[in-house]
Amino acid sequence: MNRAIAYGDCNTEGLKGERFLLWPEIVCESVALELTNCGHTMSTTRELLEYNRTFPASQYAVAFVQYGLVDSWLTFRGAPYVLYYPDYPLRKMARKLVKKLKKLARVWQLQKRLGAVEQVPLSEYTDNLHKVISSAPQTRFVLVATAPNLDEPRNPRIKVYNEALARIAEACDHVMYVDIYEDIWAHRDITLMEDGTHLTAAGHERIAAKIISALKDVQR
């Protein structure tokens, strides 16, 4: 079963219109795996659960998982959330309404009034990951750290979510953690786009190199 699946957000899916290879594509080319890419912009581990129902990790030899960017994003307490997958017209309409509400929330300073909370709280984040990992004990899971952001106040929360990934990998024999955070940050002038969030071609290449090296270490 030489197949792999990649679950993740915008830095797994890649930006529309960009023509360079993404890190899951580079890795799978290198280790001769057929790739199914389930990356989805703005998605979280809540979408991961849905993707795992449609594309079960148990059907793949390797499952790459890269979430945390949106999960760790601060919003106001009680903010509504509408899944990005599976998608249909009613959900699209609902998301437009939620976006308008969040714009008003910034004007009304609801984070200060109601309190700030991560989009997916850390406990839910880890529970979601455990559910998927435990559903496929024969699959090799590769948990890829979330890259840092040029909007630096976001980075302490990203680090906390990455640390949770490392703890999960330590506790599960069929799970490995690949820490790409420091390498991307050290070379942020070439690895991150000007928007501060999306990876450049060099960013994807550096992440792929880290994962390929880690996979080779496991096979020795």
Treating Ser213 as the side-chain partner and Lys210 as the backbone partner, does any N or O pair qualify as donor plus acceptor under 3.5 Å? no
Per the side chain to side chain donor-acceptor pair (under 3.5 Å) rule, what does the pair list look like for residues 142-162, sequence neighbours excluded? Asn149-Thr197
When clusters are formed by joining ILVMFWY residues with side-chain heavy atoms under 4.5 Å apart, either directly or through shared neighbours, do Val107 and Leu101 land in the same one? yes
Can you name the residues that form a side chain to side chain contact (heavy atoms under 4.5 Å, CB included) with Thr41, not counting sequence neighbours? Cys10, Glu13
The complete set of ring pair (Phe, Tyr, Trp, His ring centres under 6.0 Å) pairs with one or both residues in residues 66-88, sequence neighbours excluded, reads Tyr51-Tyr85
Taking a hydrophobic cluster as the set of Ile, Leu, Val, Met, Phe, Trp and Tyr residues connected by side-chain heavy atoms closer than 4.5 Å, whether directly or through intermediates, do Leu48 and Leu83 fall within one such cluster? no
Quick one: does Trp23's side chain have a donor or acceptor within less than 3.5 Å of a partner on Asn11's backbone? yes
Could you list the residues that satisfy side chain to side chain contact (heavy atoms under 4.5 Å, CB included) with Asn37, not counting sequence neighbours? Ala6, Thr12, Leu22, Pro24, Leu35
With side chain to side chain donor-acceptor pair (under 3.5 Å) as the rule and sequence neighbours excluded, what pairs involving residues 100-114 come up? Lys102-Gln119
For Val70, does its backbone N or O pair with a side-chain atom of Thr44 as donor and acceptor, under 3.5 Å? no
Here the ring pair (Phe, Tyr, Trp, His ring centres under 6.0 Å) pairs for residues 137-159, sequence neighbours left out, are Phe141-His174
Are any side-chain N or O atoms of Thr200 and backbone N or O atoms of Thr191, one a donor and one an acceptor, separated by less than 3.5 Å? yes
